[in-house]
Amino acid sequence: MTEITNIINKQRDFFNSNTTKDIGFRKTQLKKLYAILKSNEQLLDEAIYADFRKSSFENYTTELSIIYHEIKLALKNLNNWTRTQRVGTDIANLPGKSYIIPEPLGNTLVIGAWNYPYQLSILPAVSAIAAGNTVIIKPSELAKNTSAAMCKIINENFAEEILQVVEGGIEETTLLLKEKFDKIFYTGSSEVGKIIMRAAADHLCPVVLELGGKSPVFILKDANIHLAAKRIVWAKFLNGGQTCVAPDYLLVEKGLKDKLVTAIKKEIQSQYGSNIKESEAFVRIINKRHFNRLLSLLDKSKIILGGNTDIDDLFISPTLMGDISFNDKVMQEEIFGPILPIIEFEDFDWAIKMVKERPKPLALYVFSNNTKRINKIHHEISFGSGAVNDAIMQLTNVNLPFGGVGYSGMGSYHGKYGFDTFSHYKSILKKTNLFEPSIKYAPFTSLKKKIISLMLE
Ligand code: NAD
């Protein structure tokens, strides 16, 4: 028996013991997770710095604080979320009672991506534990220091049968996918998402796929250009552009481009200083393969800002590309790096049509105060989540479900939505034994049919 089979067997037996159904047990695990993350912040900071040169400040704001908030939210709301809900009963079932019991799914697998290594692996695990499941986390092997850090602190503090980290790449993930889980929560590229879904199909295991894609930003003529530039520079170059919901490209209404480029240039200078390489706020590309992939997207003749690269330091400066059309190479795949192409448009309907013709984006942003035009975009284009006059910040609001649609994914999480994702809502109808109308039973008569039609329609 492999080590992986051994862990999953233990988790299966443990789940069947019903221990995780106890709300107190779940709260104890969540509190423990909170405590070990807090007491190991230095280790977690060092590991993420080694993987990307990500600062402690950014590790806190974009990873750990989000996990802490999610744990606290679950602890506060768990009694309420797990409560059996009474619902109305239809006339055909009276007298009777109807209710819905939230129940855990069982044994779950979380496969994380490398770009926000803590958040993307631990946040789904928080929801899974809150909902009463056991969890195996498989972090991305590309962020090897953060993967090792999570493995160390979780496996040293949690029993194998409750929560365990299994490190590794394709080989280990393939072994994991052979096992039967009750839910697989995957974050990563759409191509690997297909592999996950195919493997899950063998066990009819439900999946959540948190995928990527090209997230457009509309900048309309009435936009506040100064604020748009500030927010776009933050959102695009955060984590070196390696954010699934980062603005991928700008769709700028004719006449705005020069003003916008000037404002973006000013913002880059103000947020990262004149020597960007030395800025502690500017993160590196994860590895040489992604660095070279990004270089291949750069058309030197179209660079209007930045374009400085250093392979030894895995550094690519914030780069703007102008005169871009949907046919350029940079528009054929998700960029996932600090390169920002600008497409200008004159015809608003054409711009909407071009986005609609492409795979459904994970995120979409609009900078404008024109409610009619904003509503038109929201009405016509399908996408996972979005913001108006901002970018990325929608995912910090736990009242909003976070997830993709179509090619950018399926299922959602964050806050109560994460609890729902890892729960089954079991429906129960409880009938009285006091009496039983004969109406549904044979022999059938036309009078019975008439009465039934009055009740059922
Ligand atoms: P990745 O290379 O880290 O892969 C993700 C996971 O899949 C890893 O755990 C990896 O080990 C596993 N994996 C890779 N190849 C596999 C294979 N052949 N078989 C089985 N498992 C395999 O991450 P990535 O895919 O490069 O991530 C980047 C993508 O993820 C981007 O498209 C980005 O937009 C997307 N993403 C989405 C979200 C979201 O929340 N929707 C968040 C972050 C990243």
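Just so you know, residue 1 is the first one in the sequence shown, and it goes up from there. Both ligands and their constituent atoms are indexed starting at 1 by order of listing.
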Could you list which atoms of ligand 1 come closer than 4.0 Å to a heavy atom of [X]?
X: Leu142; result: 2 (O)
X: Ser189; result: 24 (P), 25 (O), 27 (O), 29 (C), 30 (O), 32 (O)
X: Phe402; result: 40 (O)
X: Lys138; result: 8 (C), 9 (O), 10 (C), 11 (O)
X: Phe336; result: 28 (C), 31 (C), 33 (C), 34 (O)
X: Leu120; result: 42 (C), 43 (C)
X: Asn115; result: 43 (C), 44 (C)
X: Glu334; result: 31 (C), 32 (O), 33 (C), 34 (O)

Looking at non-hydrogen atoms alone, which of [options] comes nearest to [atom]?
atom: atom 29 (C) of ligand 1; options: Gly212, Gly188, Gly168; result: Gly188
atom: atom 13 (N) of ligand 1; options: Asn239, Val208, Val245, Val192; result: Val192
atom: atom 6 (C) of ligand 1; options: Ser140, Ser121, Gly112, Ala113; result: Gly112
atom: atom 5 (C) of ligand 1; options: Ile335, Ile195, Thr187; result: Thr187

Rounded to the nearest 0.5 Å, how far apart are [atom1] of [X] and [atom2] of [Y]?
X: Asp328; Y: Met321; atom1: CG; atom2: CE; result: 6.5 Å
X: Leu44; Y: Lys38; atom1: CG; atom2: NZ; result: 11.0 Å
X: Tyr365; Y: Phe367; atom1: OH; atom2: CZ; result: 9.0 Å
X: Gln11; Y: Ile162; atom1: CD; atom2: CD1; result: 8.5 Å

> What do you reckon, is NZ of Lys277 surrounded by more than 12 foreign heavy atoms closer than 6.0 Å?
Replying inline: yes
>> Within a 6.0 Å radius of atom NZ on Lys152, are there more than 12 heavy atoms belonging to other residues, nucleotides or ligands?
In response: no
Which heavy atom of the protein is the closest neighbour of [atom], given with residue, atom name and distance?
atom: atom 10 (C) of ligand 1; answer: Glu141 OE1, 3.5 Å
atom: atom 26 (O) of ligand 1; answer: Trp114 NE1, 3.2 Å
atom: atom 21 (N) of ligand 1; answer: Thr173 CG2, 3.3 Å
atom: atom 4 (O) of ligand 1; answer: Tyr186 OH, 4.3 Å
atom: atom 41 (N) of ligand 1; answer: Leu211 O, 2.7 Å

Check the angle between the aromatic planes of [X] and [Y] and answer parallel, tilted or perpendicular using the 30° and 60° thresholds.
X: Phe315; Y: Phe282; result: perpendicular
X: Phe326; Y: Tyr249; result: perpendicular
X: Phe419; Y: Trp81; result: tilted
X: Phe383; Y: His378; result: tilted

>> What verdict does the side chain to side chain donor-acceptor pair (under 3.5 Å) test give for Tyr49 and Ser55, after you've listed the backbone C-alpha separation in whole Å, the side-chain angles of each residue and the deciding distance to 0.1 Å?
In response: CA-CA 6 Å; Tyr49 189 83; Ser55 66; over 6 Å; no
>> Determine whether Asn59 and Tyr118 satisfy the following criterion, side chain to side chain donor-acceptor pair (under 3.5 Å), listing intermediate values before the conclusion.
In response: CA-CA 9 Å; Asn59 188 30; Tyr118 299 135; 5.2 Å; no
>> Any atom of ligand 1 sitting under 4.0 Å from a heavy atom of Tyr116?
In response: no
>> Can you confirm, on distance only, whether ligand 1 has an N/O atom lying under 3.5 Å from any N/O atom belonging to Cys244?
In response: no
>> Below 3.5 Å, N or O to N or O, backbone or side chain included: is there any such pair between His290 and ligand 1?
In response: no
>> Applying salt bridge (Lys or Arg N to Asp or Glu O under 4.0 Å) to Lys144 and Asp51, what does each step give before you reach the verdict?
In response: CA-CA 7 Å; Lys144 61 178 192 304; Asp51 278 337; 5.5 Å; no
>> Residue-level breakdown please: for Leu362 versus ligand 1, do any non-hydrogen atoms fall below 4.0 Å on the side chain, on the backbone, on both, or on neither?
In response: side chain
